[in-house]
Chemist: 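My questions will all concern the structure given below.
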Amino acid sequence: MNDAQDITTDLPAAGKIMLVGIGPGSVDHMTQRARAAIAEADVVIGYVTYIKLVADLIEGKEIIRKSMTEELDRAVSALEAARAGKKVALISSGDAGVYGMAGPTYEVLFQSGWTPDDPVQVEIVPGASALNSCAALVGAPLTHDFCAISLSDLLTPWPTIARRLDAVAMADFVVALYNPKSGRRTRQIVEAQRLFLRHRRPDTPVAIVKSAYRRRENIVFTTLDAMAEADIGMLSTVLIGNSNTFVKHGLMVTPRGYANKYDMEGGATREGERAGRSLSTGLLGWLDALRAEYDAGDDIAVLAARYRLPADYIQATLDEPWEDEAIAATEENEG
């Protein structure tokens with residue numbers, strides 16, 4: 001019994017991996033939990049530039065610095081240190097789960113046989129991503145539907161990236177381009193511009209934010225047809241507006257759609273609209289119009305082209321017995 005107790009005593013206590021999103025880089029924009037996680041850590045691991053951004057918070061700690069392409073090494077080092085009983089802060093700029101270290105770390109953990117029941121605990125500490133930080137500096141460009149696409153083809157085949165760019169450009173998303181350009185990757189931003197110009201006006205607003213909230217912060221407003229000529233690098237995020245985005249008084253704004261329903265000066269609902277209800281051109285209104293156009297003689301191909309929707313979707317929508325649902329929804333709204 002004594003031998004068993006001695007063996008148990010000699011085993012190190014399990015450690016913890018904290019995947020910390022440090023936000024854009026300034027301490028003022030880090031969450032309280034992010035600062036606390038770094039404070040309680042025995043070991044801090046990160047890309048050399050990110051380590052510099054938290055230099056004031058890591059005095060006296062074990063520091064493991066890694067280069068840009070050593071993400072898996074960072075995760076392995078974090079797991080080794082946690083297995084040795086240490087608390088580890090594995091830091092990412094922005095949010096650890098948005099192009100950050102959360103994904104690679106879980107891949108390494110699963111490969112090692114780790115499960116959520118493992119003695120080594122894992123915590124993700126969220127932070128403001130570049131997308132949020134850059135948007136805050138230029139106005140309100142993300143008020144409506146948006147997405148993020150990385151132009152880095154180091155791990156993702158270019159045709160995959162190109163298909164995503166073409167799809168979101170056609171679908172009229174506001175888009176944030178991450179990793180738009182580097183010393184060796186200079187053509188990707190030009191190809192992205194070419195794909196977007198297939199679907200968007202040349203004067204579509206674009207904001208390019210470099211080093212948001214850091215010492216060398218720089219903001220440039222330009223347009224889609226000129227964006228590839230701007231100073232863009234790995235520390236830049238490119239925000240491309242949708243068909244309604246505008247720039248006024250130096251601020252980039254994407255309307256949420258309130259003007260479709262309300263008089264923006266008086267706040268009253270427009271004719272045919274009701275506060276708190278879907279637009280007259282919402283789903284039920286569109287279904288009515290689609291059925292009427294089809295009954296009037298417009299075929300599936302014409303309707304698909306008009307609404308820029310797949311023909312099989314139009315056909316399936318017309319085939320769906322939706323009238324009962326529409327009546328029920330109307331009665332519910334009026335009740």
Side-chain angles (χ1 to χ4, degrees), residues 1-27 29-133 148 150 152 154-156 178-179:
M1 191 69 176
N2 290 337
D3 290 342
Q5 290 176 340
D6 291 340
I7 292 172
T8 302
T9 302
D10 291 340
L11 292 174
K16 181 178 182 180
I17 299 174
M18 296 171 287
L19 295 153
V20 182
I22 64 171
S26 64
V27 174
H29 291 90
M30 290 175 61
T31 66
Q32 181 176 343
R33 176 58 192 142
R35 292 193 294 270
I38 293 172
E40 69 184 70
D42 304 303
V43 183
V44 177
I45 302 174
Y47 172 48
V48 289
T49 299
Y50 306 156
I51 293 293
K52 292 178 182 177
L53 293 174
V54 296
D56 294 342
L57 305 176
I58 59 176
E59 184 177 353
K61 299 182 182 296
E62 179 184 350
I63 309 301
I64 299 177
R65 298 173 175 82
K66 297 288 184 177
S67 70
M68 178 64 79
T69 58
E70 294 179 320
E71 290 85 0
L72 295 181
D73 288 343
R74 291 180 228 169
V76 169
S77 296
L79 179 57
E80 291 175 347
R83 289 283 188 221
K86 297 179 180 179
K87 289 186 176 181
V88 183
L90 178 49
I91 63 174
S92 298
S93 68
D95 183 275
V98 181
Y99 302 116
M101 284 302 303
T105 300
Y106 274 122
E107 291 185 69
V108 168
L109 287 169
F110 294 148
Q111 184 68 29
S112 74
W114 178 92
T115 71
D117 296 327
D118 193 283
V120 170
Q121 298 177 300
V122 178
E123 177 188 359
I124 297 180
V125 181
S129 178
L131 184 147
N132 307 96
S133 304
S150 171
S152 174
L154 297 177
L155 300 173
T156 306
Y178 281 64
N179 307 313

Chemist: Between Pro126 and Ile124, what is the shortest heavy-atom contact and its length?
Modeler: CD-O, 3.4 Å

Chemist: Grab the two heavy atoms, one from Ala89 and one from Val20, that are nearest each other, plus how far apart they are.
Modeler: CB-CG2, 4.2 Å

Chemist: What heavy-atom pair brings Arg35 and Leu57 nearest, and what distance separates the two atoms?
Modeler: CG-CD1, 4.4 Å

Chemist: Backbone N or O of Gly127 within a donor-acceptor pair of the Asp95 side chain at under 3.5 Å?
Modeler: yes

Chemist: Going by atom types only, do Glu80 and Ser77 share a side-chain donor-acceptor pair under 3.5 Å?
Modeler: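 Checked: Glu80/Ser77 side chains show no N/O donor-acceptor pair below 3.5 Å.
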
Chemist: Can you see which heavy atom on Ile22 is nearest to which on Tyr50, and at what distance?
Modeler: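 Heavy atoms only, the tightest pair is CD1-O, 4.2 Å.
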
Chemist: Does any N or O in the side chain of Ser92 come within less than 3.5 Å of the main-chain N or O of Met101, such that one atom is a donor and the other an acceptor?
Modeler: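 Yes; judged by distance alone, with no hydrogens or angles, the pair exists.
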
Chemist: To the closest 0.5 Å, what do you measure between CG (Asp56) and NZ (Lys52)?
Modeler: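 Answer rounded to 0.5 Å: 14.0 Å.
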
Chemist: So, Arg83 and Asp118, do they make that salt bridge, N to O below 4.0 Å?
Modeler: yes

Chemist: Flag the pair Glu71 and Lys66 as a salt bridge only when some basic side-chain nitrogen lies within less than 4.0 angstrom of an acidic carboxylate oxygen.
Modeler: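 Looking at Lys66 together with Glu71, the answer is no, because their closest N to O distance does not fall below 4.0 Å.
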
Chemist: Salt-bridge test for Glu70 and Arg65: reply yes if a basic N is under 4.0 Å from a carboxylate O, no otherwise.
Modeler: no

Chemist: Would you say that Ile17 contacts Leu109 through its side chain, given a criterion of any heavy-atom pair below 4.5 Å between the two side chains?
Modeler: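 They are in side-chain contact.
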
Chemist: Can you measure from CG (Leu90) to OG1 (Thr105) and round to the nearest 0.5 angstrom?
Modeler: 4.5 Å

Chemist: Is Lys61 reaching over with its side chain to a backbone N or O of Ala39, donor-acceptor style, under 3.5 angstrom?
Modeler: yes

Chemist: Give the minimum heavy-atom separation between Ser112 and Leu79, together with the two atoms involved.
Modeler: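 Smallest heavy-atom distance, with atoms named: OG-CD2, 3.6 Å.
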
Chemist: Do Tyr178 and Ser129 get their side chains close enough for a donor-acceptor pair, meaning under 3.5 Å?
Modeler: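 Yes, a side-chain donor-acceptor pair sits under 3.5 Å.
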
Chemist: Got Glu62 and Asp42 here, is their nearest side-chain heavy-atom distance under 4.5 Å?
Modeler: no

Chemist: Side chains of Thr115 and Phe110: closer than 4.5 Å at any heavy-atom pair?
Modeler: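 With C-beta onward as the side chain, the pair stays apart.
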
Chemist: Does a side-chain heavy-atom distance below 4.5 Å link Val88 with Ile45?
Modeler: yes

Chemist: Is any side-chain heavy atom of Glu123 closer than 4.5 Å to one of Arg33?
Modeler: yes

Chemist: Please indicate whether Glu40 has more than 12 foreign heavy atoms, meaning atoms of other residues, nucleotides or ligands, lying under 6.0 Å from its CD.
Modeler: yes

Chemist: To the nearest 0.5 Å, tell me how far Ile38 CD1 sits from Met18 CE.
Modeler: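 So the CD1 of Ile38 and the CE of Met18 are separated by 9.0 Å.
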
Chemist: Restricting to non-hydrogen atoms, name the atom on Gly21 and the atom on Ala34 that form the minimum distance, rounded to 0.1 Å.
Modeler: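 Heavy atoms only, the tightest pair is O-CB, 3.8 Å.
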
Chemist: As an exercise, state the distance from OH of Tyr47 to OG of Ser67, rounded to the nearest 0.5 Å.
Modeler: 8.0 Å

Chemist: Do the side chains of Val43 and Ile64 get nearer than 4.5 Å, heavy atoms only?
Modeler: yes

Chemist: Go through the steps for Val98 and Leu131 under the test side chain to side chain contact (heavy atoms under 4.5 Å, CB included), then give the verdict.
Modeler: CA-CA 9 Å; Val98 181; Leu131 184 147; over 6 Å; no

